[in-house]
Structure formats: C-alpha cells, structure tokens
Trainee: 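Okay, here's the structure, questions in a sec.
Hydrogens, waters and symmetry mates play no part in the numbers below; they use all other heavy atoms, side chains included. From a predicted model like this one, the values you see are computed outputs, not experimental measurements.
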Amino acid sequence: MEIPTAMSLGQQLAPHLPFLRRYGRALTGSQSHGDKYVRATLEAIVAAPSEFPRDVDPRLGLYRTFQAIWGSTNFDETAENSVADATDGAEAIARARLSRITPLSRQALLLTAMEGFTSEDCAYLIEVAPSEVDGLVAEALAEIDKQTRARVLIIEDEPIIAMDIETIVRDLGHDVTGVAVTRDEAVALAMEDRPGLVLADIQLADDSSGIDAVKDILAEFQVPVIFITAFPERLLTGERPEPTFLITKPFQRSTVKAAISQALFFDQATAPVN
C-alpha cells in the first residue's frame, strides 16, 4: 500500500516543482545551486515520505521541506563545496551583501512577492509569527534598495504593460535606457546604451521572440535578465537551462520589485551604494 501512497504524493507535488526551482534559483542566484536544494528536498521526501507534512496543502508541505533543507547547516556546507568551482565572483559579492541582510527577510520577500504565499503561509514556512512577516519583507526591500541601482532595458510590446513596468523601475530609483517592442529594436537599443538589467517579454510585436533578443544581447555582453510571461510553464520545463528570474503575467508590482532587487543583488557588475 505504500507504493500507491508515494505515487499519489509525487503526483500532487509535480505541478509545483517548476516553481520551487524558480524559488530556489532566485534565493541562491544560481540555477545549479538552487536546483541542488530542490534535488535534496525531493531526496528527503523519498527517503522519509511519512515525515512529509500531511496537515497542510501539498505545495506548502513541499516548500516547508525545502526550507528545512535550506536551513540545514550540513547541507549548506556540502552545497557550497560542491559548487565552489562552478561559481564566480557574483556569488561572493552576494554573500558579502547577505551579511547585511537577515536571511529570513529575503526568504519572506521572495515567498510572498514572487511565490504568492500569504503572510500566514509564509510565517508557517519560515517558522515565525504571522505578525513578523510584513516587517521582514519591509526590512529586505529597504536594505536591498540601498545596495542596488541600475540602468534598465525593457523589452515589452504591450504599451500599458511597458508603461507600468517603466513606472515601477523608475520608482525603485533605476533609469530606463529604452523600451523595445521587437527583437531587432531590443538588440539595437542594448548595443547603443548598454543596460545593467533587462526585463523581457517573450512574445513581441512582430512575432519575434524576446528569448532570441536576450540571446543576441548576451552574445555581446553579460547582463542579468528577468523574463516576464503569461506562460511560465514554457520556460520551466527542467529540460534545458531555465531563467533564474521569471515573473508570471498578470503580475503584481511587488513581484516585479522583488525580482529586480534580487536579480541586481546577485549581479557582480552592480556596486553597492554607500
């Protein structure tokens, strides 16, 4: 009887895995590093299915198990050693910045703004009182905003959405280098005025691809990228390299703000503002 139970649990968790990978990558700033935590989470569930939280929604139980792995000192040391040769200065800079931000505040920000958990669910996941969550989120945003400033290229063919994104970017204190509606225009703008961050839709005005535009830009220089799409499952397949930062349409302003802050947080080209 245990096999059907395990299969049932696996089926319940499967739809949430792409988004757990998104969270892991956003939290660590690395696809390989984030995916290691997800893999360890699944291994822990398979090894001890009876310990999986059964009194909550499966998605909550999955993220709770991930949080337990994330908080494990032994796994942290193992993970750091296993990816040491694969990481560059970006993660070292991120760690320096992390010393000025409490880990719980960053987790609270991502869990609520990007993953869409309520304050109550977030409190359960990071094991704090619900009344503390809003304060942790505010703390993370305030500290990250002090450290990250950039010039941003927006690739978006819907005028209203583009205007909304531009407003959010400027409200965060960043500059906008331009708004492109096609692949060719995006590449031309990037070459003319090199951005420190790219926000890219996937489907553009002339049926060209924002993904192709980003590939063209990255072939010329490295820059952090946040994809914005109504169809995240097309990118979160697990079958090829996936974007570290991905926003689902329709989005909340807080989601865009959190993604921008986190993307710049891990970008080695963005110097802290004193």
Side-chain angles (χ1 to χ4, degrees), residues 2-80 82-83 98 101-141 232-233 236 238 242 244-248 252 254-255 258-259 262 265:
E2 293 184 0
I3 294 179
T5 301
M7 291 177 61
S8 176
L9 178 59
Q11 292 170 351
Q12 292 178 57
L13 298 181
H16 307 301
L17 291 178
F19 301 98
L20 183 65
R21 291 201 302 271
R22 174 180 66 179
Y23 172 63
R25 290 195 298 273
L27 189 63
T28 63
S30 162
Q31 178 174 349
S32 61
H33 200 172
D35 286 354
K36 287 180 184 294
Y37 279 94
V38 174
R39 188 177 307 114
T41 298
L42 296 178
E43 290 172 352
I45 293 172
V46 171
S50 62
E51 296 181 12
F52 185 83
R54 301 283 184 169
D55 56 342
V56 296
D57 179 85
R59 180 174 183 244
L60 264 180
L62 177 64
Y63 276 71
R64 178 64 176 260
T65 305
F66 177 96
Q67 290 296 125
I69 298 295
W70 171 258
S72 169
T73 302
N74 290 336
F75 183 79
D76 283 349
E77 294 173 349
T78 302
E80 293 293 339
S82 64
V83 299
L98 275 173
I101 303 176
T102 60
L104 279 182
S105 65
R106 293 178 60 244
Q107 294 169 58
L109 172 64
L110 293 173
L111 287 169
T112 54
M114 183 172 289
E115 298 305 312
F117 285 107
T118 65
S119 293
E120 291 74 16
D121 287 344
C122 178
Y124 167 78
L125 292 173
I126 62 176
E127 301 183 77
V128 300
S131 59
E132 296 181 43
V133 173
D134 289 345
L136 287 170
V137 170
E139 178 186 340
L141 289 175
E233 64 276 5
L236 296 174
E242 300 173 355
T244 300
F245 301 100
L246 179 66
I247 296 173
T248 303
Q252 301 292 324
S254 59
T255 304
Q262 196 71 356
F265 180 82

Trainee: Between Arg106 and Leu27 (side chain of the first, backbone of the second, donor and acceptor by atom type, cut-off under 3.5 Å), is there such a pair?
Mentor: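 It does hold such a pair.
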
Trainee: Determine, step by step, whether Asp121 and Asp57 satisfy the side chain to side chain contact (heavy atoms under 4.5 Å, CB included) criterion, reporting the C-alpha distance in whole Å, the side-chain angles of both residues, the deciding distance to 0.1 Å, and the verdict.
Mentor: CA-CA 10 Å; Asp121 287 344; Asp57 179 85; over 6 Å; no

Trainee: With the side chain counted from C-beta on, respond yes when Val133 and Leu111 share a heavy-atom pair under 4.5 Å apart, and no when they do not.
Mentor: no

Trainee: Backbone N or O of Ala113 within a donor-acceptor pair of the Thr255 side chain at under 3.5 Å?
Mentor: yes

Trainee: Please report the C-alpha distance between Val56 and Arg64 in whole Å, then the side-chain angles of each, then the deciding distance to 0.1 Å, and finally whether the side chain to side chain contact (heavy atoms under 4.5 Å, CB included) criterion is met.
Mentor: CA-CA 10 Å; Val56 296; Arg64 178 64 176 260; over 6 Å; no

Trainee: On a heavy-atom basis, which atom in Ile126 and which in Ala108 lie closest, and how many Å separate them?
Mentor: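 Smallest interatomic distance, heavy atoms only, reads CD1-CB, 4.1 Å.
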
Trainee: Which value, rounded to the nearest 0.5 Å, describes the distance between Thr28 atom OG1 and Gln262 atom CD?
Mentor: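 If we round to the nearest 0.5 Å, Thr28:OG1 and Gln262:CD are 9.0 Å apart.
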
Trainee: With sequence neighbours left out, what residues match Thr248 under side chain to side chain donor-acceptor pair (under 3.5 Å)?
Mentor: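 By the side chain to side chain donor-acceptor pair (under 3.5 Å) rule, Thr248 matches Arg22.
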
Trainee: What's the spacing between His16 NE2 and Leu60 CG if we round to 0.5 Å?
Mentor: 9.5 Å

Trainee: Evaluate side chain to side chain contact (heavy atoms under 4.5 Å, CB included) for Leu246 paired with Arg21, printing each intermediate quantity in order.
Mentor: CA-CA 11 Å; Leu246 179 66; Arg21 291 201 302 271; over 6 Å; no

Trainee: Do Arg59 and Glu115 make a side-chain contact, defined as non-hydrogen atoms from C-beta onward lying under 4.5 Å apart?
Mentor: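 In contact.
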
Trainee: With the side chain counted from C-beta on, respond yes when Leu109 and Ser254 share a heavy-atom pair under 4.5 Å apart, and no when they do not.
Mentor: no

Trainee: Let me see the working for Leu62 and Ile45 under side chain to side chain contact (heavy atoms under 4.5 Å, CB included), right down to the final yes or no.
Mentor: CA-CA 9 Å; Leu62 177 64; Ile45 293 172; 3.9 Å; yes

Trainee: Rounded at 0.5 Å granularity, tell me how far OG1 in Thr41 sits from CD in Gln67.
Mentor: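 If I round to the nearest 0.5 Å, the distance is 9.0 Å.
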
Trainee: Please report the shortest heavy-atom distance between Pro58 and Gln12, naming the atom on each side.
Mentor: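 Reported closest heavy-atom pair: CG-OE1, 3.0 Å.
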
Trainee: What are the two closest heavy atoms between Ala123 and Ala129, and how far apart are they?
Mentor: CB-C, 4.0 Å

Trainee: Scan residues 107-135 for pairs that pass ring pair (Phe, Tyr, Trp, His ring centres under 6.0 Å), counting only residues two or more places apart or in two chains.
Mentor: Tyr63-Phe117

Trainee: How long is the straight-line distance from CG of Asp35 back to OH of Tyr37, given to the nearest 0.5 Å?
Mentor: 12.5 Å

Trainee: Side chains of Asp134 and Ser119: closer than 4.5 Å at any heavy-atom pair?
Mentor: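 In short, these two side chains touch, coming nearer than 4.5 Å.
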
Trainee: Closer than 3.5 angstrom, by distance alone: can the side chain of Glu139 be matched with the main-chain N or O of Ser105 as a donor-acceptor pair?
Mentor: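 Between the backbone of Ser105 and the side chain of Glu139 there is no qualifying donor-acceptor contact (under 3.5 Å).
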
Trainee: Show the nearest heavy-atom pair for residues Ala44 and Ile69, with the distance to one decimal.
Mentor: CB-CD1, 4.2 Å

Trainee: Would you give the length of the straight line joining atom CG of Leu104 to atom CG of Leu125, rounded to the nearest 0.5 angstrom?
Mentor: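 Rounded to the nearest 0.5 Å, the CG-CG separation comes out at 11.5 Å.
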
Trainee: In Å, rounded to the nearest 0.5 Å, how long is the span from CG of Leu13 to CG of Leu42?
Mentor: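 Separation between the atoms: 8.0 Å.
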
Trainee: Taking only residues two or more places apart in sequence, or in another chain, which ones meet Phe66 in a ring pair (Phe, Tyr, Trp, His ring centres under 6.0 Å)?
Mentor: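 Residues passing ring pair (Phe, Tyr, Trp, His ring centres under 6.0 Å) with Phe66: Tyr23.
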
